[in-house]
Amino acid sequence: MRALSSLLVLVAVPAALAVKTQDFKTCTQAAFCRRGRALSARAQENPSWSSPYSIDPSTISVLPGQASFTAGVKSLLYPDVKFGLDVRVHKDGVVRVRMDEVNGLRKHYDEAASWALIAEPDISPEIKWSVGKSDVRAVYGDKKDIEVVVAFQPLKVTLLRDGKEQVVLNGRGLLHMEHFRTKESAEEKLPVEQPQGDDSQVVMQVNSRAWFEGETEDGYWEEQFGSWTDTKPKGPESLSIDISFPNHGHVYGIPQHATRLSLPTTTGENAFYSEPYRLYNADVFEYLADSTMSLYGSIPVMHAHSAASTVAIFNAVGSETWIDVAHPTPRSTETHWISESGILDVFLMPGSTPADVFGQYTRLTGTPALPAHWALAYHQCRWNYVSSDDVRDVQRRFDLEDMPVDVFWLDIEYAEEHKYFIWDKKYFPDPVDMTRDVEAVGRKMVVIVDPHLKRAASYPVYQEAQERGVLVKSPGGSNDYEGWCWSGSAAWVDGFNPESWDWWTSLFKTAPQGDKWTWTESTVDTYIWNDMNEPSVFNGPEISMPRDNVHYGGWEHRDVHNINGMLFHNMTFQALKARSDPPKRPFVLTRSFYAGSQRFGAMWTGDNLGTWEHMAVGVRMVLANNIGGFSFAGSDVGGFFGNPEPEMLVRWYEVGIFSPFFRAHAHIDTKRREPYLLDEPYKGIIRSLLRLRYSMLPVWYTAFREASVTGLPVLRPHYVAFPHDEAGFALDDQYFVGSSGLLVKPICEKGATETSVYLPDDQVYYDYFNHYAYRGAAKGKHVTVPAELEKVPLLIRGGSIISTRERPRRSSPLMKYDPFTLRVALNAAGEAHGELYLDDGVTFSHQDGQFIWREFVATSDKKARGVRISSRNLAAQKPSEAVDGVALATYDIANSFVKEMLGVRVERVVVFGLASKPNKVQAGGRDLYWEFTPGVTASEKRQGTTSVLVVKDPDLSVTSDWEIVVQT
Ligand SMILES: *[C@@H]1O[C@H](CO)[C@@H](O)[C@H](O)[C@H]1NC(C)=O
């Protein structure tokens with residue numbers, strides 16, 4: 001089936017638009033992956049397979065305070081090699097399992113977690129380990145329902161809930177940490193002594209190391225790929241571990257791959273793919289729309305889900321990693337993780353709900369940064385706006401056509417000879433004036449800065465980096481590495497070197513700083529795009545750096561490859577934060593990322609193609625990123641490559657307006673496609689779509705607030721929103737926006753006029769545009785929703801209140817004092833609820849309590865036979881949910897932001913599904929103006945256009961408590 005469908009893809013895509021697969025390794029072209037898969041194959045073939053790793057019970061040491069224990073681990077194969085195991089339980093129940101070689105010839109890279117984690121997690125004070133004859137175990141949790149069991153022989157770690165296995169490490173015996181050896185010792189190939197003890201199975205198996213490690217030393221000391229040689233000075237050091245979820249039929253996450261959300265299998269009978277999922281950050285030109293190939297970023301986080309439980313694991317490894325997925329039965333999952341180097345450092349997140357798992361992961365690696373409000377608006381990019389005048393002209397055309405836009409972007413051609421920071425004065429003679437022109441109506445400029453620095457004596461940034469010794473070194477570690485990128489011959493900033501951090505920060509100062517070079521030709525509202533940070537190296541193996549390059553601390557590039565992009569992103573984020581006092585919220589877009597990158601900004605899905613397949617998979621990739629904790633994601637609207645026809649471009653804007661990050665971008669060889677260039681009706685449709693996005697900025701911002709506090713994603717696929725509804729577990733083409741109750745299904749096919757939308761529950765769902773009421777069912781139901789070109793299928797779940805701002809403006813900062821519309825979508829019980837979060841959107845004053853956080857509630861009033869709609873201060877009601885570190889107990893309802901916003905009104909309240917025509921609508925005893933259109937009511941079972949009550953200009957402030965009483 002796979003072969004057939006990939007053939008079809010090849011036929012459908014013109015020859016020019018196909019990834020150069022030969023540029024990137026398959027598992028069989030990576031020695032350690034071959035070894036890992038071969039190990040798994042041997043285990044599969046051998047019914048009496050058993051892991052050679054075991055705990056020596058005499059070495060167990062339970063640390064004071066009890067929450068962690070350490071033990072010595074040894075392998076039957078190499079009795080002289082020692083490993084140390086450390087198992088600990090965090091305060092929130094997460095189990096961390098770490099294993100490293102002890103006193104080895106060299107050190108395995110052990111710093112991946114320290115980059116990903118926000119802090120060393122607190123250890124649980126309640127754990128009591130009990131050390132038995134064959135295992136160590138601990139029972140914990142509020143209901144004492146969780147148990148972690150570490151078995152001695154063979155070594156196996158099991159996390160159970162209510163006696164059911166949730167996660168099992170090394171249950172299949174594929175754990176293998178290749179110890180460091182010398183070339184000579186490896187060549188000797190000593191036969192292994194017979195093991196001691198009475199485990200006859202093991203005795204039978206262990207007649208040579210070959211049963212476990214294979215007959216040959218496959219690629220231990222050197223490896224070729226194409227014309228490149230990886231010298232592997234440290235020899236074999238790979239890490240294999242099997243992780244099973246015996247009671248979970250779906251796994252999600254491990255972005256970034258162009259595939260479905262519920263990960264298809266890669267091994268076992270009828271495997272969907274033949275290659276494992278690969279995590280090795282790479283600049284994949286014209287990537288496939290359906291593949292396990294590695295892309296630009298890596299988040300080694302996997303959710304496992306069933307109707308009864310959600311658990312997750314985070315495998316903190318920074319080197320290249322391949323992951324096989326199999327479902328031995330439809331309701332169980334086995335995975336196998338094979339990494340090139342590093343220690344074993346796995347976090348087991350016990351759940352038991354998706355929300356719990358997001359909380360647990362967030363406490364490890366941090367919540368997404370709350371973006372600047374404008375960053376959620378529309379971004380217009382192209383490779384390249386070619387001059388200052390071009391930028392001004394594009395801005396003018398948007399304004400002439402009344403199309404809102406907040407951000408104009410400059411790709412690499414602004415920089416003279418691709419020396420980032422240095423304006424090409426021939427085309428950009430007046431960069432600061434140009435930027436100020438863009439900023440005049442609150443807009444912003446984003447400019448690209450990549451990590452490769454042109455090796456030119458005339459380039460002060462390169463010169464300073466070289467003098468400070470903060471560049472990545474070539475193998476051996478003495479010379480600066482030289483490779484090719486946009487600038488020609490280049491060197492790379494080493495973000496692992498702390499010396500690079502302050503220096504990088506100083507570059508972004510807009511005022512002169514003594515003799516240091518600073519970017520005086522920029523402004524404090526110039527924001528940054530970090531591209532090519534995988535890193536991309538045009539003449540390197542797999543378009544990246546040689547693995548034997550050397551970073552700060554002597555670590556090889558192979559050890560840190562997947563973390564590299566995050567460090568550069570962080571450096572730029574820190575630099576922008578330090579640029580002004582008081583600081584403004586940075587905006588930095590990154591292409592490469594790792595676990596923890598959500599703390600530093602936004603990402604996009606890289607160089608996609610202008611095809612329907614890429615549009616569709618982009619939606620799934622953005623969902624997968626949300627599962628990986630990195631919500632601020634989007635794909636290039638229009639597709640980077642190609643010239644989408646107008647219909648496709650419109651649909652792509654429909655995808656974009658429902659993505660957390662919304663940017664149009666295009667390759668230098670494409671035709672101009674700014675939306676004002678289209679003919680009618682396309683131009684008008686896109687104008688309305690842009691306005692729809694702007695009207696919904698309050699919804700997006702409120703969702704981002706929640707993500708920044710709880711870690712719950714901004715986009716929520718069905719299994720997250722309805723974890724018990726099995727029919728939704730594989731759904732990845734429709735999703736909810738935050739907690740708002742908005743359900744969207746973007747259309748990613750040509751010629752559609754309607755679509756089928758899945759409703760997961762027995763609830764009414766209202767069409768956002770035509771107010772048609774659809775009915776779900778307790779066991780889920782599909783309904784047909786119109787989807788003509790101008791209409792993205794968008795439903796409001798009954799029980800939700802949506803806040804919007806509907807005055808068309810040129811940019812989002814101009815909307816600051818605009819009034820609100822509330823859409824009250826009653827559920828069958830005549831009730832609804834919604835939240836609205838607002839702050840200045842720019843500074844960090846929200847951390848000092850300068851914000852508005854309201855709850856709107858509609859309750860059914862039996863006595864008045866009507867509905868009461870009220871606004872209350874949510875900050876006072878959820879003291880435990882601090883906003884970005886502010887204890888709400890100290891929240892002052894009269895803070896200065898609230899005072900500034902006193903005059904901001906609710907100008908319209910629209911109620912869907914009211915039971916009958918009101919006879920009175922009042923606020924504070926005052927009669928209000930209203931209009932009622934009869935229709936289907938919220939509690940009826942039939943479908944049809946719903947009743948709509950519009951309350952006009954009730955003259956209520958968005959900052960204060962109030963109540964509207966609707967009497968019927
Ligand atoms: C981010 O930068 C800060 C300040 O330079 C540093 O302390 C921190 O370790 C960095 N974290 C990552 C993941 O790069």
Side-chain angles (χ1 to χ4, degrees), residues 109-121 255 279 281 296-301 314-319 342 345 347 361-371 449-451 464-465 468-472 492-509 513 516 527-528 530 532-535 551-553 555 557 559-581 583-603 625 628-632 708 711 844 847 884-885:
Y109 183 68
D110 61 356
E111 294 173 7
S114 69
W115 294 113
L117 266 48
I118 40 174
E120 196 55 39
L279 295 176
N281 298 349
Y296 310 90
S298 298
I299 305 182
V301 170
F314 167 40
N315 184 0
V317 64
S319 65
D345 197 354
F347 298 80
Y361 180 63
T362 290
R363 279 185 288 277
L364 293 173
T365 67
T367 56
L370 179 64
V449 173
D450 289 350
E464 288 193 0
R468 283 174 169 73
V470 295
L471 294 167
V472 178
W492 273 260
V493 181
D494 184 7
F496 291 88
N497 186 342
E499 295 262 313
S500 69
W501 304 347
D502 284 349
W503 166 70
W504 193 252
T505 290
S506 71
L507 297 178
F508 287 84
K509 299 280 187 207
Q513 313 277 310
K516 286 187 191 150
Y527 296 86
I528 302 298
N530 286 157
M532 314 298 278
N533 51 338
E534 294 74 23
H551 288 264
Y552 178 79
W555 297 113
H557 184 69
D559 299 319
V560 300
H561 176 87
N562 284 344
I563 309 171
N564 183 77
M566 172 167 78
L567 266 60
F568 185 62
H569 187 207
N570 178 34
M571 280 163 65
T572 311
F573 167 87
Q574 304 289 350
L576 296 198
K577 203 169 167 187
R579 185 172 56 179
S580 54
D581 185 21
K584 295 186 171 197
R585 280 178 235 173
F587 173 83
V588 186
L589 181 75
T590 184
R591 191 168 72 181
S592 186
F593 53 88
Y594 183 69
S597 288
Q598 70 271 13
R599 310 196 292 266
F600 312 123
M603 61 73 70
N625 241 73
F630 198 171
S631 286
F632 201 4
S708 77
F844 289 86
Q847 294 178 341
D884 225 357

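Start at 1 with the first residue, then count along the sequence. In each ligand, atom 1 is the first atom listed, and ligand 1 is the first ligand listed.
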When the ring planes of Phe630 and Phe593 are compared, do they come out parallel, tilted or perpendicular, using 30° and 60° as the limits? perpendicular
Just say parallel, tilted or perpendicular for the rings of Phe314 and Tyr361, cut-offs at 30° and 60°. perpendicular
Residues in ring pair (Phe, Tyr, Trp, His ring centres under 6.0 Å) contact with Phe508, at least two apart in sequence or another chain: Phe421, Trp504
Can you name the ring pair (Phe, Tyr, Trp, His ring centres under 6.0 Å) partners of Tyr296, sequence neighbours left out? none
Taking only residues two or more places apart in sequence or in another chain, which ones pass side-chain hydrogen bond (donor to acceptor under 3.5 Å, both in side chains) with Glu464? Trp503
List ligand 1's nitrogen or oxygen atoms that come under 3.5 Å of a protein nitrogen or oxygen, with the partner atom and distance.
residue, atom, partner, partner atom, Å
ligand 1, 2 (O), Asn570, OD1, 3.4
ligand 1, 2 (O), Asn570, ND2, 2.4
ligand 1, 2 (O), Gln574, NE2, 3.2
ligand 1, 11 (N), Asn570, ND2, 2.8
ligand 1, 14 (O), Asn570, ND2, 2.6

Candidates Tyr527, Phe600, Trp501, Phe568 - the one meeting ring pair (Phe, Tyr, Trp, His ring centres under 6.0 Å) with Phe573: Phe600
